[in-house]
Amino acid sequence: MDFLKGLGAARLTAMVAVTAALVGFFGFVIMRVTAPQMTTLFTDLSMDDSSSIIKDLERQGIPFEMRNEGSVILVPKDKVTRLRMKLAEGGLPKGGGVGYEIFDKSDALGTTSFVQNINHLRALEGELARTIRAIDRVQAARVHLVLPERPLFSRETPEPSASIVVRVRGSLESNQIRAIRHLVASAVNGLKPQRVSIVDEAGQLLADGTQTDIDQQVGDERRNAFEKRMRKQVEDIVSSVVGSGRARVQLSADFDFNRITQTSDRYDPEGRVLRSSQTREEQSATSESNGQVTVNNELPGNQQNQPPQQPKDQSKKTEETNNYEISRTTKTEVTEAGRVNRISVAVLVDGAYSKNEKGELVYKERSKEELDRIAALVRSAIGFDQKRGDQVEVVNLKFADAPTVPQINEPTGFLGMLHFTKDDVMYVIELAVMMLLGIVVVIMVVRPLVKKIISTEEVAAALSGGVPAITDETQAQVAHAQQTATMIDVAQVQGQVHAQSVHRVGELADRNPGEAASIIRQWLAEPQQQ
């Protein structure tokens, strides 16, 4: 208590304030260091999914953070995988739509067929929207299905249709749009891909749902894929000769998308085959009768008594019919759409560069023989056909800008083996800053304060004689302290004498203000002595 009283109120207040600041600072550092590293659990969540996930996390007692108005939820990094599996088991996130889980909690008893049909339509639309959101670049999707019922006493059934609204990052490619249309058409009974329309969030029509549009898209995709493949082949083979980035290739292909069917019949007269043969023979004989035609001659028995008559004229006829089959060949050729009518290739190559005696790059044009060889390689790569009208042009010109190859400096050695991520690096930097601040506080604040307290205790102990063995250093400190105390006492006495003198002069000036003023004027009028 005597020691605390000797420190004084101001010193005690400063010590308490510094102690409280140090406790708070080190407490913040410890909490920051021991706090778990947060990482993203889910992004682009709807309000319903975000609310359900937060309730589940609060029930499990897991710390979390929300960002972007609840659309992003962060949890400790070591619990991300387990939480995702746990939430997926409970059907979270649902994706902001209603799927087939609508039938899990509904009471089928007493539900009308109209309600069941509406629930089935909602579930089908929700499931399709979730599937479409799984495609790359698609952030959100909404599906509307029209499934008309067949009217009574009607022979024709109305065709179903679908409309899709998507929100994408960037833009969708043509093959992705076609994939979405076929995906929806395959999931709905009786729906055709040309009956599916797709619109983006900006109101731009991506697919208008016509047969012509689909055929045109298929044709454009085939032509673009063919041109891209051929261009890559030409660039690879030319770049291997002139160097990477020193060749530009443009390729254009003319396609014929008409479907042609040809049927031809061919007859071979030399290839005869006997099919059937028929032979017919006829024989006839005639005789002349001299007797008269009487009743007696016609009576039975009278003809037998007549002598036989010799035939007068005989004839014989033979007829033969042979049927032959002539060989016949029927040929039907079907030429599918997508024939290549012509290919045009333009290749621009840069010249060669070499260093002169001064170390400067000097441009040199390529020889005609080298360009001819490059042209021959290009013709072989594209399958050049002169009858088809293909064209190949190789030109050597100096590029305006020299090609630059980006260099990627990958970490090597020990750091490359660690495979630090951006979050890990930031966490290490944060720990290093906290440790540096702690060391600075200890050196700049705690160490001087402790040293001062210890020196004060040693001086007090030396003055009180509480230390039995006093060393030479301690005696010197005590003598210095006594001399300092004596000087302080003398200064205090002199100060009191001066203060009393000033007080007396003030009283005289108050009693005789006129005389005091004249004395001051006289002092001011006197010349200053050098």
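Position 1 is the first residue of the sequence; numbering continues from there.
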Non-hydrogen side-chain atoms of [X] and [Y] separated by less than 4.5 Å:
X    : Y    : result
L361 : N356 : no
E201 : Q139 : no
R84  : V80  : yes
L83  : F64  : no
V188 : L145 : yes
V378 : V238 : yes
T329 : Y267 : no
L348 : V394 : no

Side-chain ([X]) to main-chain ([Y]) donor-acceptor, under 3.5 angstrom:
X    : Y    : value
E227 : A253 : yes
D390 : D385 : yes
R366 : D350 : yes
S239 : D236 : no
S244 : S240 : no
R388 : R342 : no
D254 : N341 : no

Measure the [atom1]-[atom2] distance between [X] and [Y] for me, rounded to the nearest 0.5 Å.
X    : Y    : atom1 : atom2 : answer
L57  : I53  : CG    : CD1   : 7.5 Å
K55  : S51  : NZ    : OG    : 4.5 Å
I164 : I177 : CD1   : CD1   : 10.5 Å
S50  : I73  : OG    : CD1   : 4.0 Å

How close do [X] and [Y] get, heavy atom to heavy atom, and via which atoms?
X    : Y    : answer
Y363 : N396 : OH-ND2, 3.6 Å
P148 : E159 : CG-O, 3.9 Å
A129 : A141 : CB-O, 3.6 Å
R169 : D136 : NH2-OD1, 4.1 Å

Inspect the contact between E235 and K232 and indicate whether a charged nitrogen and a carboxylate oxygen are less than 4.0 angstrom apart.
no

Check this for me: [X], atom [atom1], are more than 12 non-hydrogen atoms of other residues, nucleotides or ligands nearer than 6.0 Å?
X    : atom1 : result
R339 : CZ    : yes
R142 : CZ    : no
R266 : CZ    : no

Where do R67 and L74 land on the side chain to side chain contact (heavy atoms under 4.5 Å, CB included) test, with the steps shown first?
CA-CA 8 Å; R67 295 181 182 176; L74 288 79; 3.7 Å; yes

Just checking, any donor-acceptor pair under 3.5 angstrom between side chains of Q60 and D56?
yes

